[in-house]
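To find a chain, count down the sequence lines: A is the first, B the second, and so on, and within it residues start at 1. For clarity, every value in this text was computed on a predicted model and none was experimentally measured.
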Amino acid sequence: MNYMLMLYADEVAGSNIPPEEMKGFMDQLHAYREALRKANAFVATAPLARTDTACTVHVDRGEMKVQDGPYAETREQLGGYYIIRAENMDEAIKWAARCPAATWGTIEVRQIIDLGDE
Amino acid sequence: MSSLDQSRRAADRAARESYGRLVALLSSITRDVASAEDALAEAFAAALRQWPAQGVPHNPEGWLLAVARRRLIDSSRRRGTNERFQDHLKLISEELDAERETSREIPDRRVALMFACAHPEIEPSIRTPLILQTILGFTAEAIAAAFLVPPATMAQRLVRAKARIKQSGIPFAVPERADLPGRLDAVLQAVYAAYSRDWAEAAEDTEDRLSDEAIWLGQVTAELIPDQAEVKGLLALMLFLDARRGARSAADGSYVPLDEQDTARWNLAQIRQAEALMKDANRMEGAGRFQIEAAIQSAHVARRLHGVDSRPDIVALYDVLFTLVPTPVVALNRLVARSRISGADEVLDEIRQLGADASLIDYQPYWAARGMLLAEAGRNEEAREALTAALGLATDEAARAFLQRRIARLPGTPGGT
């Protein structure tokens, strides 16, 4: 089963972290990915650009609406994700708890529905 | 202080001190843990309503018990539980009344409840959560957080386990002497699981530390079953480990391994208590895993506090432990103990072979130990890889800080020494 770990954090606070400290966090994230790989649980990961460069698109009865900014204004923004392989939700939560991003933000764990039509 | 505050405090105190005693007592009569908890919850709510106006009763625990028992009888009547059962319930409660009036002592059935929670019919992984809820009154949410399970899932598992206790007619009793050792082991393992759950997280500032509660459970068990060596062994083990808690984190919060700990920060009173318990246990028959593990901790103490070279003893104790508990984790610890005498090179092949076991692939201490031994042997690239895996599997800041510093110290690390 695949699960998506959605990493939410305050992106303004994030961009104010001094470079030295940031390197430490990056090392932790790198180590986390290595641990996932070793356990054959890694599928994919990517960071996302800041929400002030985001756009939302909606088509309403043929009329296209494009707006600046994220879909929802919240205190914490989606800043990246991991897709992992796990037996079940319990195991996916265990991996989320190991993710260093859980200490400076919040991780939403969602099962990815397998449509089985690859 | 207002009478409202006073009654709240009295109810609070009664809740903490007697929750488990009352759940154990009520459910040992009805075999129905869930209804006992419900009835008790109603009794506590009634106390908070009535005590502020009427004053705190002389014996709050007895008052709570009487109300809860009445609720239980009412609800069993509503559900149409058969008359014989109701008569039984009434009879026993009258007996209890008589007993309570003469001695004012409510019989302590907590250990009987623990045996029901850790019964072979109950799935091992839910035994510890069940004990935490019934004896200590932890909420399903709090237990779910400690065990990294969604709260709704944990609540559901607890409900299912309680239904099983009721339906399977699991007895609320300390087993007969012949069955005791095996059954007792399940109870002790459940208590130790509560202790180690917390121990893995180095955070020292959490107010309701699960480890304190586990030690308290160990003390209750040791008071109520004084004649079993393993009960004392487990309590000794937990006290030894707990005595070093303060020394396990540096000023910046990072983890400090045993050999680098400042022994002035060890809790000597706890160590003395643990040594005394071990002495008591050794005078009794048989030696179980908890006694052996306590003896290993005692040997570490002798080495660090009194300069005794106890390394060969530690290896010998791990050999015995491995015959009792032949798990990859014990095998790992045994190899680490051997490396202290022979050097890292001698054990690294076996450490690597051990890694083929699927249960160790995401076991953080395995990768940490492997990385430390590789570093000791000067195999820096492999050490970096293993320590990186350990860092990626860490769940607490203390371990992360320690491992990042260790990786930075490896020769060849950019910016390292």
Minimum heavy-atom separation for [X] and [Y], please, with both atom names.
X      : Y      : answer
A:G24  : B:Q404 : O-NE2, 2.8 Å
B:T388 : A:A31  : O-CB, 3.2 Å
A:I93  : B:V149 : CD1-C, 4.3 Å

* To do: Could you tell me which of A:R33, A:R37, A:K38 has the largest number of non-hydrogen atom pairs under 4.5 Å with chain B?
  => A:K38
Hey, could you give me the [atom1]/[atom2] distance between [X] and [Y], rounded to the nearest 0.5 Å?
X      : Y      : atom1 : atom2 : answer
A:Q28  : B:E397 : CD    : CD    : 6.0 Å
B:L391 : A:Y32  : CG    : OH    : 12.5 Å
A:D27  : B:R400 : CG    : CZ    : 12.5 Å
A:R98  : B:L148 : CZ    : CG    : 9.0 Å
A:N88  : B:T153 : CG    : OG1   : 9.5 Å

* Asked: Is it the backbone or the side chain of A:E34 that comes under 4.5 Å from a heavy atom of chain B, or both, or neither?
  -> side chain
* More than 12 heavy atoms of other groups within 6.0 Å of B:D252 CG -> yes
* **Selection from B:L387, B:I361, B:D362 maximising heavy-atom pairs under 4.5 Å formed with chain A** =>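 Going by pairs under 4.5 Å, I would pick B:D362.
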